[in-house]
Every structure is written in C-alpha cells, then in structure tokens.
K.L.:
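First the structure, then my questions, so here it is.
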Amino acid sequence: MGIIAWIIIGLLAGAIAKALMPGRDPGGIIITMLIGVAGGLLGGWLGKVIFGVDSIDGFFDLSTWIAAVIGSMILLALYRLVAGGRRRHA
C-alpha cells in the first residue's frame, strides 16, 4: 500500500478508536489523527510479530482495518495515561 492509503486508513482508524473509547482527550483532532496513523503501523507490526501473519494485505482487507483500529486504541490509551497526568490545576 502507498503512503496515501496508510494516511487514509490511519485517519479513519483514529476516528473509529476515538468512537470506541469515548471521553476527553488531552489533545485535539490533529493528535487523534496522528495517533491513528501511528496506530495503523503499530497494529500491522503487532499482527506480524505476535501471530506471524501479514495483516496489512490491502486497503480493503478486514485484517488491515482491524489491525489499524486495535493499534490506534492501544496508542490512544497510552496517550491518555501519559498526557492526562500533565493537566494543570488552577
């Protein structure tokens, strides 16, 4: 897949992860989109390492989308843990 396809999958996976994990995020929509793109890469890597499968077969394959959404959810949860503790109390 090309870089444009990765960006599109990442953006949509980030939005899906946000919908599945509602709540206030320390960042805005741009951070959520970047987490989605990185989560897509993480999900593909985890699928290959843990299960030994090439989960990133193509844009329309279900395994690609599942891997991207799971990776995005992992990164979103980690981001909430790290950035959520840095809130200022006035």
Side-chain angles (χ1 to χ4, degrees):
M1 286 192 308
I3 190 72
I4 301 297
W6 270 110
I7 292 171
I8 292 170
I9 287 175
L11 296 175
L12 293 173
I16 292 168
K18 173 75 173 146
L20 293 174
M21 298 175 63
R24 292 193 59 147
D25 288 327
I29 188 71
I30 300 297
I31 298 296
T32 302
M33 290 188 300
L34 292 174
I35 288 173
V37 173
L41 294 171
L42 174 67
W45 180 77
L46 286 175
K48 188 171 221 152
V49 169
I50 294 173
F51 300 112
V53 296
D54 190 15
S55 59
I56 309 301
D57 291 330
F59 187 82
F60 294 106
D61 286 341
L62 184 61
S63 63
T64 299
W65 287 92
I66 290 171
V69 170
I70 289 173
S72 297
M73 290 175 70
I74 291 169
L75 288 182
L76 183 59
L78 289 174
Y79 179 70
R80 285 180 180 176
L81 285 173
V82 172
R86 289 193 253 157
R87 293 183 189 166
R88 293 186 194 177
H89 298 287

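Residue indices begin at 1 and follow the sequence shown.
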K.L.:
What side-chain donor-acceptor pairs closer than 3.5 Å can you find for residues 10-17, not counting sequence neighbours?
P.N.:
none

K.L.:
If I take atom CZ from residue R80 and atom CD1 from residue I35, how far apart are they, to the nearest 0.5 angstrom?
P.N.:
9.0 Å
K.L.:
For L34, which residues count as a side chain to side chain contact (heavy atoms under 4.5 Å, CB included) partner, sequence neighbours excluded?
P.N.:
I30
K.L.:
Can you get from V37 to V82 by hopping between Ile, Leu, Val, Met, Phe, Trp and Tyr side chains that sit under 4.5 Å apart?
P.N.:
no
K.L.:
Can you tell which of L75, L76, V69 makes a side-chain contact (heavy atoms from CB on, under 4.5 Å) with M73?
P.N.:
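For M73, the side-chain contact (heavy atoms from CB on, under 4.5 Å) check succeeds only for V69.
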K.L.:
From L42 CG over to L78 CG, what is the distance, rounded to the nearest 0.5 angstrom?
P.N.:
8.5 Å
K.L.:
Going by the salt bridge (charged side-chain N to carboxylate O under 4.0 Å, His left out) test, which pairs reach into residues 6-21, not counting sequence neighbours?
P.N.:
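Sorted result for residues 6-21: K18-D25.
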